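Every number for a ligand or one of its atoms is a count from 1 in the order of the listing. For the single chain, residues carry numbers from 1 onward in sequence order. Since we're looking at a predicted model, the values are computed, not measured.
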Amino acid sequence: MAVELAPGVHWVGVVDWGIRRFHGHELSTHRGTTYNAYVIRDEKTVLVDTAWGPREQEFLAHLRSVVDPATIDYVVANHAEPDHSGSLPAVMRLCPRATLIVSRAGAQSIPGHYHASWNMRAVKTGDRLPLGRNALVFVEAPLLHWPDSMFTYLTGHNILMPNDAFGQHYATAGRFNDEVDTGELFAEAEKYYANILTPFSERVLKKIEELLALNLPVDMIAPSHGVIWRRDPLQIVQRYQEWAAQRPAPRAVVVYDSMWGATERMALAISAGLAEAGVDHKVFHAAVSDVNDVTVEIFRARLVLYGSPTHNGGLLSSIMPLIEHVKGLRMKNKIGAAFGSYGWSGEGPGLLEAHLRDSGIEVVRAGLRWKWQPAEDDLAAGRALGRELGALVRER
Ligand code: FEO
């Protein structure tokens, strides 16, 4: 069902309640997602973004309930990623005279995806498209989330449509932030930021400064995923400034894999030491934990401990997806250490330390390693490491 945001402005997107893996299988979406698209009817009619191709029919039904697609004058594609552009071929077939508005980088990525000869116009920051009473203003937002990403602002109704930025993978019955559970909403918004936007944090801060300097009134922020920020819309902008600053809390995450329990016992000993130091923390067995959920906890925490036994001269493979994911996110202001049991060669902790450093995490103590199952003095060393790092994390 289409939903009215303001007179002449409608949400015509799709709620995908069932999706549990996104970006292929890269991202868990425990609460589903939405693909948001918006229709603006003025003297000119505009469609802003579309929906993922497999949900095209539902999207077109919502679109048709508001407007005859043949009458659309402009289609704005803020970003080429297929969750937003996937229904473009169908839309452009229905309104062949429409002009497709893209960013300058979008003028490469959209044809690169669809190889179609659409009537396309590239816009840059500050360009204005008069619609009649109101107008669209475009702001290029490279790397939020791809180099082609763009924000579209509607004057008069003061609605910012920033595509991926300020979004959440969150399927809900209500379309607005004042209609949903606030705890769930911010949990999903933070998971989205931590797992997708962290590497672009400096750009996030600069783009927000640039937007605020424009002094545009903002009555709603209508992203391309999740709910629309209608009540106190700038609250999510303020959260983004906090997240992008990357000042993690004095918390810790211990994440490990274990074959026969030796490394797990050490993880629990370190956890006991952290508790003795009064540091709140979480412990995850990597093989049975969701990579994206663990990533959020790492994003929030100042201290990260990786543990794995040595296996075939390397690490247990189930911890590697998390390590690779965190490496790509280039988090800042974190300290870490490694631990792991071994039987013969003992490379595990050294390899984990290299991964921590490659992830931009400062290794502040030499890794703990011990042969076979930990003896009482090994476990005592683990508790001592937890206390020592706990004290360090509290004082920094
Ligand atoms: Fe929601 Fe970058 O696509």
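- Seen from atom 2 (Fe) of ligand 1, atom OE1 on Glu81 and atom ND1 on His145 lie at an angle near 90° (rounded to 10 degrees).
- Here the angle at atom 2 (Fe) of ligand 1 defined by NE2 in His79 and OD2 in Asp164 stands at 90°, rounded to 10 degrees.
- Tested against His225 for a ring-ring contact (aromatic ring centres under 6.0 Å, His included), the candidates His84, His23, His79 yield a single pass: His84.
- Atom 1 (Fe) of ligand 1 has His225 among its coordinating residues (N/O/S atom, backbone or side chain, under 2.8 Å).
- The cationic group of Arg55 does not satisfy the cation-pi geometry with Tyr35, failing either the under 6.0 Å distance to the six-membered ring centre or the 45° limit from the ring axis.
- Atom OD2 is the N, O or S atom of Asp83 at the shortest distance from atom 1 (Fe) of ligand 1.
- The shortest side-chain heavy-atom distance between Lys191 and Thr29 does not fall under the 4.5 Å cut-off.
- Taking the charged nitrogens against the carboxylate oxygens, Asp290 and Arg21 do have a contact shorter than 4.0 Å, which makes a salt bridge.
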